[in-house]
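Values reported hereafter were calculated over all heavy atoms of this structure, with side chains retained and with hydrogens, waters and symmetry mates removed. This one's a predicted model, so the numbers in the text were calculated from it and none came from an experiment. Convention: sequence-line order gives letters A, B, ...; per-chain numbering from 1.
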Amino acid sequence: MPELPEVRTVSRALNEAVKDRVISNVKVFREKTIVGTSPKKLILAVGDAKIERVTNIGKWIVYLLDNDKVLLSHLRMTGKYYYYKDKQKPTKHTHVVFDFKDGSQLHFEDYRGFGTLELKDKKDYLDVKPLSKLAEEPQNMNYIHFWDKLQKSRRAIKTLILDQTIVLGFGNIYVDETLWELRIHPETPGNQISQKQAKDILKFGTYIMDWSTSLGGSTVSTYSSINNIEGSFSQYLKIFRKDGKPCPRCKSTIVKTKVNGRGTHTCPECQVKFPI
DNA sequence: GACGCTGTTCTATT
DNA sequence: GAATAGAACAGCGT
């Protein structure tokens, strides 16, 4: 489901909803959702804690608590949050419920069950997995450093951009949009990307993901922010899930292929295949 | 009904 | 190590 713009949207909405609320209890309905510790220990560690702030690092949601703990949450494909003023019944796919002292609740739901919550120590959560190896978001990434990483690999540029240790925040939608905009074929080997192209990938990635964030992200099939609020950026997508339709630039028919197992949308005219 | 797809990332295997 | 295939899972479209 969500990429950087969508996770930013969710984390901002969460911050609005639960900042300064005090957790009184946590109910875990699906143990596998809690990673790295037992539900019992999680409840012990966050009970009575106040949520100081909710933010995000790439696609990870970060809850900063007023004790020595941090809660990390990843939505993966279909994780969703719901905030309720009153107690609500969990549904079939409600995996975790936070009770707050004021009687309100935060529900975490995920019908596919890939989404996670994990507890970390505030003192070193940036230096241990899963956040430790992440790269910078494109607006903060040095393009020479980025280009250096690309040079070291013959893997497809699309695969490299999706690697969160190379650049942070791109997912399948925004990588296809960015490569189409820059007329780069997704299978171009990393070591054939020029410095200028590397710079442009970061520049356009920053631009499109900031723009999308300002519209609440892209609701393509199931994504929505908390309480089912949809994003409206999908109307501006040029190529993602447009296979069979004309390219907005040259009117050639957009094709869909697979690159390293990921569905990939390409204009066969605009995005010229690299010379072998 | 079966099969192949889905906005992600981690693990195992080569 | 680097690169790939498969796995985690439920639902939807063909």
Side-chain angles (χ1 to χ4, degrees), chain A residues 1-11 29-36 56-61 72-81 91-95 108-118 128-135 148-179 186-187 189-191 205 208-209 212-213 215-225 228-244 255-265:
Chain A
M1 136 193 192
E3 306 176 31
L4 189 55
E6 292 75 25
V7 176
R8 279 178 182 156
T9 301
V10 172
S11 80
F29 299 98
R30 185 176 181 279
E31 296 217 359
K32 288 181 78 173
T33 298
I34 310 297
V35 171
N56 72 289
I57 295 178
K59 301 176 196 173
W60 292 85
I61 293 167
L72 303 180
S73 179
H74 203 298
L75 305 172
R76 296 292 170 96
M77 307 284 267
T78 46
K80 291 184 184 218
Y81 279 99
T91 67
K92 188 176 167 190
H93 298 299
T94 306
H95 302 320
F108 180 66
E109 301 194 2
D110 189 348
Y111 76 88
R112 287 179 73 178
F114 297 158
T116 57
L117 281 162
E118 61 188 293
V128 299
K129 280 203 295 187
L131 302 189
S132 56
K133 293 193 310 188
L134 299 182
D148 260 355
K149 287 188 176 180
L150 301 182
Q151 287 310 295
K152 292 194 171 74
S153 177
R154 297 168 54 184
R155 307 183 79 191
I157 183 62
K158 166 153 180 171
T159 305
L160 296 172
I161 295 174
L162 288 175
D163 183 336
Q164 304 293 297
T165 70
I166 292 179
V167 59
L168 189 57
F170 285 91
N172 214 26
I173 295 177
Y174 300 103
V175 70
D176 279 7
E177 293 293 318
T178 299
L179 292 175
E187 288 173 23
N191 60 12
I208 191 171
M209 291 199 279
S212 178
T213 302
L215 294 176
S218 301
T219 292
V220 173
S221 63
T222 66
Y223 162 77
S224 55
S225 180
N228 286 331
I229 297 169
E230 296 197 344
S232 60
F233 189 72
S234 47
Q235 61 181 306
Y236 299 108
L237 296 175
K238 302 265 180 57
I239 193 145
F240 188 80
R241 292 203 179 174
K242 306 288 186 200
D243 36 311
V255 296
K256 185 171 180 188
T257 58
K258 282 206 166 192
V259 176
N260 251 284
R262 305 302 303 276
T264 298
H265 311 80

Contacts of Arg262(A) that satisfy side-chain hydrogen bond (donor to acceptor under 3.5 Å, both in side chains) - sequence neighbours left out: none
Intra- and inter-strand pairs of DNA chain B in dot-bracket (Watson-Crick or G-U wobble, both distances under 3.5 Å; | for another strand): .|||||.|||||||
Sugar-phosphate only, base, or nothing, as touched by Ser153(A) at under 4.0 Å among non-hydrogen atoms: sugar-phosphate
Nearest-Å distance once atom P is located in both dG1(C) and dT9(B): 23 Å
Stepwise side-chain contact (heavy atoms from CB on, under 4.5 Å) check, His95(A) with Glu109(A): CA-CA 6 Å; His95(A) 302 320; Glu109(A) 301 194 2; 6.0 Å; no
For Thr159(A), side-chain hydrogen bond (donor to acceptor under 3.5 Å, both in side chains) partners two or more places apart: Asn260(A)
Under 4.0 Å protein heavy-atom contacts per nucleotide of nucleotides 9-14 of chain B, with B for base, S for backbone only and - for none: BS----
Touch class at under 4.0 angstrom, heavy-atom based, for Phe240(A) against every strand present: sugar-phosphate
Check: Ile61(A) and Leu72(A) side chains under 4.5 Å, non-hydrogen atoms: no
For Thr116(A), all residues meeting side-chain contact (heavy atoms from CB on, under 4.5 Å), sequence neighbours excluded: Val35(A), Trp60(A), His74(A)
Salt bridge (Lys or Arg N to Asp or Glu O under 4.0 Å) involving Glu118(A) - partner list, sequence neighbours excluded: Lys120(A)
Qualifying residues under side-chain hydrogen bond (donor to acceptor under 3.5 Å, both in side chains), relative to Asp243(A), sequence neighbours excluded: none
Spacing of the P atoms in dC9(C) and dG1(B) (rounded, Å): 22 Å
Integer-rounded Å distance: dT8(B) C1' and Asn260(A) CG: 14 Å
Contact check, side chains of Leu4(A) and Leu168(A), non-hydrogen atoms, under 4.5 Å: no
Side-chain (Thr178(A)) to main-chain (Val175(A)) donor-acceptor, under 3.5 angstrom: no
DNA chain C: 5'-most and 3'-most nucleotides touching chain A, 4.0 angstrom heavy-atom criterion: dA3(C) to dG11(C)
Partners passing side-chain contact (heavy atoms from CB on, under 4.5 Å) against Arg112(A) (at least two apart in sequence or in another chain): Met77(A), Thr78(A), Asp110(A), Phe114(A)
Sugar-phosphate only, base, or nothing, as touched by Lys133(A) at under 4.0 Å among non-hydrogen atoms: nothing
Pair listing, salt bridge (Lys or Arg N to Asp or Glu O under 4.0 Å) test, anchored in residues 154-179 of chain A, at least two apart: Lys158(A)-Asp176(A)
Whether Tyr236(A) and Phe233(A) hold their rings parallel, tilted or perpendicular, with breakpoints at 30° and 60°: tilted
Neighbours of DNA chain B within residues 108-117 of chain A, by heavy-atom distance under 4.0 Å: Arg112(A)
Sugar-phosphate, base or nothing in reach of Lys92(A), heavy atoms under 4.0 Å: sugar-phosphate
Ser234(A): side-chain hydrogen bond (donor to acceptor under 3.5 Å, both in side chains) partners, not counting sequence neighbours: none
Spacing of Ile61(A) atom CD1 relative to dT8(B) atom P, expressed in whole Å: 14 Å
